[in-house]
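Heads up, the thing below is written out as structure tokens.
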Amino acid sequence: GMEAVRVGEDLAELAFLVVPKMAPPFAFKPFFLEPVFVFHDESPSVRWAALSYFEGVGPEARPAVPTLIKIFQTDPEAGSRSSIARSLGEIGPDAKAAVPILLKAQRDQMHVAEEAAKAIGKIGSPAVPALVDSLQRGNELTRVYAANLLGRIGPKAQEAVPLLINALRDESADVRYATTRALGQIGPGAKEAVDALTNSLNDESVLVRRGAEYSLKQIDPEAWASRQ
């Protein structure tokens, strides 16, 4: 049978039905409804239990993305924010609207920040434009986070390579280091960065020099071996 799940004040715009599948692994499959009023519950444990229904649903939970974003921004419980980040990652590319809040969450508690970074990695290439914008326009810490997250996306962030090359000249050594690492994580698709990374081998920062070495090895191992 169907069980209507009604939860907390933060989910006042969302209700959904949970239908147990009859075959293993007996997962719950949500069917999302039009926004309706649901009863208020101030208990963190109730909100967390409600949010946990989204985990493992995957792309079918895409209608919930705007509400999950809203809750992520307002829920005081780190456990709830971590749960939402996991759910957004499982939704995947269709959760690209959440990229700005997931980027901002890099300043959150460590486990929330890590779940947010994993989520951006799973969202993949649709996350790249927002991260590139932050890499160009953000403050120093935001630029570091944006470069780190482009690295999390890996090869699917190839379109960001030209702007990452520009970021190798950033005034901040921390940004330059994060950028070298990101290019290495993109891998062979970042071959156009080889000349710029070679220049970074002479950077004033030892971290940037090490990052450039790492990335050159990742991008073209044979070329790096022939240099030695």
Side-chain angles (χ1 to χ4, degrees), residues 82 85-86 88-89 92-93 95-96 98-228:
S82 290
R86 282 192 294 274
L88 290 167
K96 68 178 181 180
V99 171
I101 63 154
L102 294 170
L103 171 60
K104 189 174 181 181
Q106 297 309 292
R107 296 178 173 83
D108 206 326
Q109 295 181 31
M110 188 177 296
H111 63 98
V112 179
E114 177 60 18
E115 291 295 347
K118 288 178 183 176
I120 281 184
K122 291 178 179 178
I123 291 169
S125 56
V128 170
L131 294 176
V132 162
D133 185 66
S134 294
L135 183 63
Q136 292 178 292
R137 304 171 190 272
N139 62 29
E140 180 181 7
L141 192 56
T142 297
R143 298 198 305 277
V144 170
Y145 290 146
N148 284 339
L149 292 170
L150 287 166
R152 281 293 186 115
I153 294 171
K156 292 182 179 179
Q158 184 176 352
E159 68 183 275
V161 169
L163 287 159
L164 286 166
I165 291 172
N166 289 342
L168 289 173
R169 299 192 297 270
D170 196 282
E171 62 186 21
S172 163
D174 289 339
V175 174
R176 297 197 303 276
Y177 172 64
T179 300
T180 61
R181 299 286 300 183
L183 287 164
Q185 289 169 297
I186 291 170
K191 277 191 176 180
E192 67 184 285
V194 165
D195 288 346
L197 285 166
T198 301
N199 290 336
S200 294
L201 292 172
N202 299 313
D203 195 278
E204 63 185 10
S205 163
V206 64
L207 273 179
V208 175
R209 297 197 298 270
R210 288 176 181 169
E213 182 176 327
Y214 158 82
S215 291
L216 287 166
K217 289 178 183 176
Q218 298 298 313
I219 291 168
D220 195 338
E222 291 182 9
W224 176 260
S226 69
R227 291 169 56 102
Q228 304 309 301

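We're numbering straight along the sequence, starting at 1.
- Applying the side-chain hydrogen bond (donor to acceptor under 3.5 Å, both in side chains) test to D170 and every residue at least two apart in sequence or in another chain returns R143.
- Closest of all the heavy-atom pairs between A116 and A105 is CB-CB, 3.9 Å.
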Under 3.5 Å donor-acceptor pairs involving side-chain atoms of residues 117-138, not counting sequence neighbours:
unit_1, atom_1, unit_2, atom_2, d
D133, OD1, R137, NE, 2.4
S134, OG, A130, O, 3.2

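- For residues 213-222, the set of pairs meeting the salt bridge (Lys or Arg N to Asp or Glu O under 4.0 Å) definition, not counting sequence neighbours, comprises E213-K217.
- To the nearest 0.5 Å, the span separating CD on E140 from OH on Y145 amounts to 11.0 Å.
- With T180 contributing its side chain and Y177 its backbone, the two residues share a donor-acceptor pair below 3.5 Å.
- For D195, there are no side-chain contact (heavy atoms from CB on, under 4.5 Å) partners at least two apart in sequence or on another chain.
- Note that the CD atom of Q158 and the CD1 atom of I186 stand 8.0 Å from one another [nearest 0.5 Å].
- Side-chain atoms of L149 and V99, non-hydrogen and from C-beta on, never get closer than 4.5 Å to each other.
- For R210, the CZ atom is loosely surrounded, since the number of other residues' heavy atoms within 6.0 Å does not exceed 12.
- Considering only heavy atoms from C-beta on, L168 comes within 4.5 Å of L183 through its side chain.
- Legend: salt bridge (Lys or Arg N to Asp or Glu O under 4.0 Å) pairs involving residues 150-169, not counting sequence neighbours, sorted by first then second residue: E114-R152.
- Counting only heavy atoms from C-beta outward, the side chains of E115 and L102 never approach each other to under 4.5 Å.
- Remark: L164 CG to E192 CD distance equals 10.0 Å, nearest 0.5 Å.
- Atoms CG and CG, on L163 and L150 in that order, are 9.5 Å from each other to the nearest 0.5 Å.
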*Derivation of the side-chain contact (heavy atoms from CB on, under 4.5 Å) call for R181 and N148*: CA-CA 8 Å; R181 299 286 300 183; N148 284 339; 5.6 Å; no

Listed pairs under 3.5 Å, donor-acceptor, residues 196-207 side chains, sequence neighbours left out:
unit_1, atom_1, unit_2, atom_2, d
T198, OG1, V194, O, 2.7
S200, OG, A196, O, 3.2
D203, OD1, R176, NH2, 3.0
D203, OD1, S205, N, 2.8
D203, OD2, R176, NE, 2.8
S205, OG, L207, N, 3.3
S205, OG, V208, N, 3.3

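- The two atoms that bring A193 and V161 nearest to each other are CB-CG1, 4.4 Å, heavy atoms only.
- In terms of modelled atom types and a separation under 3.5 Å, the side chain of Q218 and the main chain of G187 share no donor-acceptor contact.
- Q185 places no side-chain N or O within 3.5 Å of a backbone atom of G154 that could act as its donor or acceptor partner.
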